[in-house]
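For reference, the structure discussed in these notes is given below.
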There are 2 protein chains.
Amino acid sequence: MSKLLIVGTLAFDEIESPFGKTGKILGGSGTFIGLSASTFGVESGIVSIVGGDFPESYLKMLNDKNINTDGVEIIKDGKTFYWSGRYHNDLNSRDTLVTELNTLADFNPIVPNNFKDAEFVILGNLHPSTQLSVINQMDTRPKLIALDTMNFWMDSALPELLEVIKHIDVITINDEEARQLTGEYSLVRAAQKIFTMGPKYVVIKKGEHGALLFNKEDIFFAPALPLEEVFDPTGAGDTFAGGFMGFLTKTRDISFDNMKRAVISGSNLASFCVEKFGTERMEHLKIDEVSERLQQFKELTQFDIELD
Amino acid sequence: MSKLLIVGTLAFDEIESPFGKTGKILGGSGTFIGLSASTFGVESGIVSIVGGDFPESYLKMLNDKNINTDGVEIIKDGKTFYWSGRYHNDLNSRDTLVTELNTLADFNPIVPNNFKDAEFVILGNLHPSTQLSVINQMDTRPKLIALDTMNFWMDSALPELLEVIKHIDVITINDEEARQLTGEYSLVRAAQKIFTMGPKYVVIKKGEHGALLFNKEDIFFAPALPLEEVFDPTGAGDTFAGGFMGFLTKTRDISFDNMKRAVISGSNLASFCVEKFGTERMEHLKIDEVSERLQQFKELTQFDIELD
């Protein structure tokens with residue numbers, strides 16, 4: 001059985017939205033990626049760092065979903081990464097209120113021995129040097145390495161970002177960030193430029209407008225499911241990426257046709273994530289709900305038309 | 001053979017974009033709808049009004065595409081509707097520089113006798129009372145009436161707009177306008193509210209982000225084709241609507257499954273419209289190009305996935 005290695009944050013989030021205000025709740029890219037991938041029943045392991053304030057119960061919840069946390073370093077007298085944000089009324093934009101790196105400031109990732117042979121690796125949004133360090137610790141070149149990043153690293157660590165991008169297969173990035181990274185407004189041209197930087201696949205995330213998957217020859221589009229209500233978008237992008245990689249880890253097929261299924265799976269899972277605050281929806285998601293909504297995706301997108 | 005009645009403007013457009021500046025060129029909602037529908041070889045007729053300055057050659061070009069212009073009133077000593085706009089660098093937003101209604105200010109549409117039995121009617125973006133007048137002139141209730149409108153009429157003629165909406169089957173409207181009309185941010189909820197106003201089908205146009213088709217039970221999504229370059233978005237929405245109605249007029253099947261094909265056809269045709277200034281691309285579009293790009297739409301959206 002193939003394994004998925006996840007590098008990302010385990011965090012405390014505190015969120016304000018038009019629907020209310022949470023206290024400190026579980027968040028972080030590693031958390032959302034792991035929960036999403038776990039819906040495929042794959043064996044995964046998280047590499048991360050937390051403080052002594054991180055509840056044991058959170059780690060147990062992850063372990064119960066077959067997410068190994070041996071790679072999570074616990075700094076007893078340190079504090080866990082904390083992020084607080086406020087969403088605007090349309091939930092499409094937000095202000096960051098507080099970011100406290102805490103233990104994350106000195107994060108030196110250690111890949112556990114039993115994950116050094118993982119076939120699938122996803123490098124969640126972290127400093128590009130941290131991401132590169134993980135790649136360098138692998139015993140064998142993984143079958144597929146995906147990387148998520150954001151504009152913050154383009155502004156503050158572009159050379160390191162360009163270096164790690166050389167060593168990966170799939171980059172997931174949002175539309176504005178793809179434009180910033182390449183200087184191209186057209187997402188088709190942006191993807192073409194990113195191919196020259198190393199990746200063989202580009203996934204451009206457009207939030208409520210869906211996601212585009214590119215390789216050098218083909219394009220595929222996965223819509224976001226139109227929802228009556230979006231409650232909290234936090235983690236949706238990571239949930240998408242986790243679903244994408246979870247599906248690939250389960251099926252071990254990295255053909256473009258299978259990647260199409262993987263982005264649909266990611267989009268499907270992200271549609272659940274936003275229905276409740278934080279990880280609540282993902283923690284209690286049932287496989288039947290996932291299958292049922294996949295049927296909705298088919299109805300939403302599939303058509304038959306004669307080509308004259 | 002079934003007929004399509006089109007009500008809309010024939011206009012002079014003058015466009016500035018990062019790619020250059022046109023002189024006065026052919027434009028107008030009726031023009032773009034007609035050209036787009038004509039790719040399906042259907043018999044259509046335009047009801048509109050122009051001034052003596054409107055070139056005979058434009059009418060002939062339309063006639064050569066089986067677009068009847070008997071319903072186009074020519075005011076010899078009047079001037080044709082004129083619109084001028086400037087697109088911003090991203091081509092996603094524009095400023096209107098000049099709008100001269102001219103003959104359009106006193107437009108009193110007259111449906112030619114041989115189109116009073118048209119099975120398909122599309123009411124392009126005009127004053128809602130003008131749109132209603134056309135419906136009232138029909139001898140028999142058409143099989144399907146579609147209406148396009150915009151925020152301008154919501155601001156200036158809302159009661160008349162709400163009245164005409166009661167009498168139609170399909171409304172095409174962009175996302176911001178759907179939100180304005182209903183006070184709902186979620187497009188799913190906006191569509192539900194529009195159903196209570198009369199229409200049985202709602203098409204929400206999202207520009208480069210595609211279009212959503214709703215009936216009371218189902219949702220379908222047609223993406224816009226990702227393009228390397230968008231040259232001039234003018235008329236894309238009308239081209240989409242014309243393709244949608246042209247396809248339905250040709251096939252005479254208004255099941256939801258066939259409407260899916262119709263929105264894909266509309267999206268397909270709109271992808272050509274934006275490739276050159278004004279009507280240039282649509283005037284010279286070949287059927288082979290349309291079929292070939294339809295294949296691209298299939299590759300862009302179709303996937304097979306097992307439901308567990």
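Keep in mind that the numbers below use all heavy atoms, side chains included, and drop hydrogens, waters and symmetry copies. Naming: A, B, ... by sequence-line order, numbering from 1 per chain.
Counting non-hydrogen atoms of other residues, nucleotides and ligands closer than 6.0 Å to CZ of Arg293(A) gives a total above 12. More than 12 heavy atoms of other residues, nucleotides or ligands sit less than 6.0 Å from atom CZ of Arg189(A). Around atom CD of Glu229(B), more than 12 heavy atoms belonging to other residues, nucleotides or ligands sit under 6.0 Å away. Surrounding NZ of Lys276(A) are at most 12 heavy atoms belonging to other residues, nucleotides or ligands under 6.0 Å away. Shown here is Glu289(A), whose CD atom has more than 12 heavy atoms of other residues, nucleotides or ligands within 6.0 Å.
Thr301(B) places no side-chain N or O within donor-acceptor distance of the main-chain N or O of Gln302(A), the cut-off being under 3.5 Å.
Heavy atoms of Leu212(B) lying under 4.5 Å from chain A belong exclusively to its side chain. Proximity to chain A is limited to the side chain of Phe247(B), based on heavy atoms less than 4.5 angstrom apart. Ile264(B) touches chain A through its side chain: at least one heavy atom from C-beta onward sits under 4.5 Å away, while N, CA, C and O do not. Of the two parts of Phe303(B), the backbone and the side chain both hold a non-hydrogen atom closer than 4.5 Å to a non-hydrogen atom of chain A.
Here CD of Glu299(B) is found 10.0 Å from CD1 of Ile219(A). Values are rounded to the nearest 0.5 Å.
Across Gln192(A), Lys260(A), Glu228(A), the residue that shares the most heavy-atom pairs under 4.5 angstrom with chain B is Glu228(A). Of the listed residues (Glu208(B), Glu184(B), Gln296(B), Arg179(B)), the greatest number of heavy-atom pairs within a distance under 4.5 Å of chain A belongs to Glu208(B).
In this structure, Arg261(A) pairs ionically with Asp304(B), as a charged nitrogen and a carboxylate oxygen lie closer than 4.0 Å.
The aromatic rings of His209(A) and His209(B) sit parallel to each other, their planes meeting at less than 30°, with 60° as the upper class boundary.
Contact between Leu227(A) and Ser186(B) at its shortest, heavy atoms only, is O-OG, 2.9 Å.
The aromatic ring centroids of Phe221(A) and Phe221(B) lie less than 6.0 Å from each other.
Contact annotation: the side chain of Pro226(A) approaches that of Val188(B) to within less than 4.5 Å [non-hydrogen atoms, C-beta and beyond].
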